[in-house]
Amino acid sequence: MDNWQKSLAAALELEHRQVDDGLAVFLTELDNGRVAADHLNTALEALRRHIYAEERILFPPIRHGPMAMPVAVMMCEHGEIWRAMNALAELAGAGDINRMRVAGQRLLDQLATHNDKEEQVIYPAADSELEPEQAEELADFLETGLMPDCWECREAG
Ligand SMILES: [Fe+2]
Ligand SMILES: [Fe+2]
């Protein structure tokens, strides 16, 4: 058993930190007049993949009873986050640093609220509610899984 399987909640929280850190570097570089497109793209790819893991692997087995409503709220927020990511990626192609900065900060703020709730309310279930094979599927995905091309979260559109 490796570290991922010891605590899936911890592994998912680590992904939150990594995405936040990548976006923070992107914003700091913008303040220095540079567009760190690689940092941005890496963070956005990691965030899309993270949302895929939540919506396709973690949420389905836990969204029942008292967890139905919190999971529905998380999926609604994923839709907002997804649209903010698309807006930021589009701006990054256009090169307007001020607008990129506003959009990047907005995404970071959305993530701060979302991730905090998710870590408090949802992630404990990742360690306590999954059957062993479900936990293994999530652990395997977090370690090596690839998101299908062009996948979008359910409420992206
Ligand atoms: Fe989420
Ligand atoms: Fe998350």
Side-chain angles (χ1 to χ4, degrees), residues 1-28 36 38-92 102-157:
M1 179 175 272
D2 59 24
N3 283 332
W4 298 97
Q5 286 157 312
K6 279 181 195 144
S7 172
L8 287 164
L12 290 160
E13 285 171 23
L14 177 64
E15 293 197 345
H16 285 170
R17 302 287 95 76
Q18 289 168 335
V19 169
D20 286 351
D21 290 350
L23 289 173
V25 170
F26 172 71
L27 289 178
T28 303
D38 286 354
H39 276 100
L40 177 64
N41 291 335
T42 301
L44 294 184
E45 270 172 37
L47 181 52
R48 289 193 180 98
R49 181 180 174 279
H50 176 86
I51 290 174
Y52 175 86
E54 290 177 345
E55 293 204 2
R56 298 303 295 267
I57 306 174
L58 173 63
F59 290 173
I62 64 171
R63 62 170 170 232
H64 51 76
M67 291 293 274
M69 185 54 74
V71 167
V73 172
M74 291 299 104
M75 290 181 71
C76 179
E77 292 183 358
H78 285 170
E80 292 165 12
I81 289 165
W82 204 272
R83 291 188 288 279
M85 281 196 279
N86 286 345
L88 179 55
E90 221 168 278
L91 284 172
V102 170
Q105 190 59 54
R106 182 161 167 268
L107 177 58
L108 259 185
D109 293 345
Q110 285 174 308
L111 287 173
T113 310
H114 175 77
N115 292 348
D116 193 47
K117 278 184 283 190
E118 206 166 57
E119 291 174 14
Q120 304 285 329
V121 179
I122 309 283
Y123 285 180
D127 286 333
S128 63
E129 298 293 320
L130 297 181
E131 298 295 333
E133 66 272 16
Q134 294 166 340
E136 198 178 322
E137 185 188 0
L138 182 54
D140 285 350
F141 183 85
L142 293 182
E143 208 159 4
T144 57
L146 292 175
M147 192 185 91
D149 284 344
C150 302
W151 183 84
E152 290 196 314
C153 72
R154 198 180 66 179
E155 299 187 35

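Counting starts at 1 for both ligands and their atoms, following the listed order.
- Looking at D109 and Q105, their side chains do bring a donor and an acceptor atom within 3.5 Å of each other.
- Inspection of the environment of the Fe ion (ligand 2) yields the following protein N, O or S atoms under 2.8 Å: H16 NE2, H50 NE2, E54 OE2, E118 OE1, Y123 OH.
- Around CZ of R56, the count of heavy atoms belonging to other residues, nucleotides or ligands within 6.0 Å does not exceed 12.
- Ring geometry for F141 against Y52 counts as tilted: the plane angle lies between 30° and 60°, on a 0 to 90° scale.
- Between the side chains of H114 and E118, at least one donor-acceptor pair of N or O atoms lies under 3.5 Å.
- Under the rule for a ring pair (Phe, Tyr, Trp, His ring centres under 6.0 Å), H39 has no partner lying at least two apart in sequence or in another chain.
- The structure places NE2 of H50 at 13.5 Å from CG of L44, a figure rounded to the nearest 0.5 Å.
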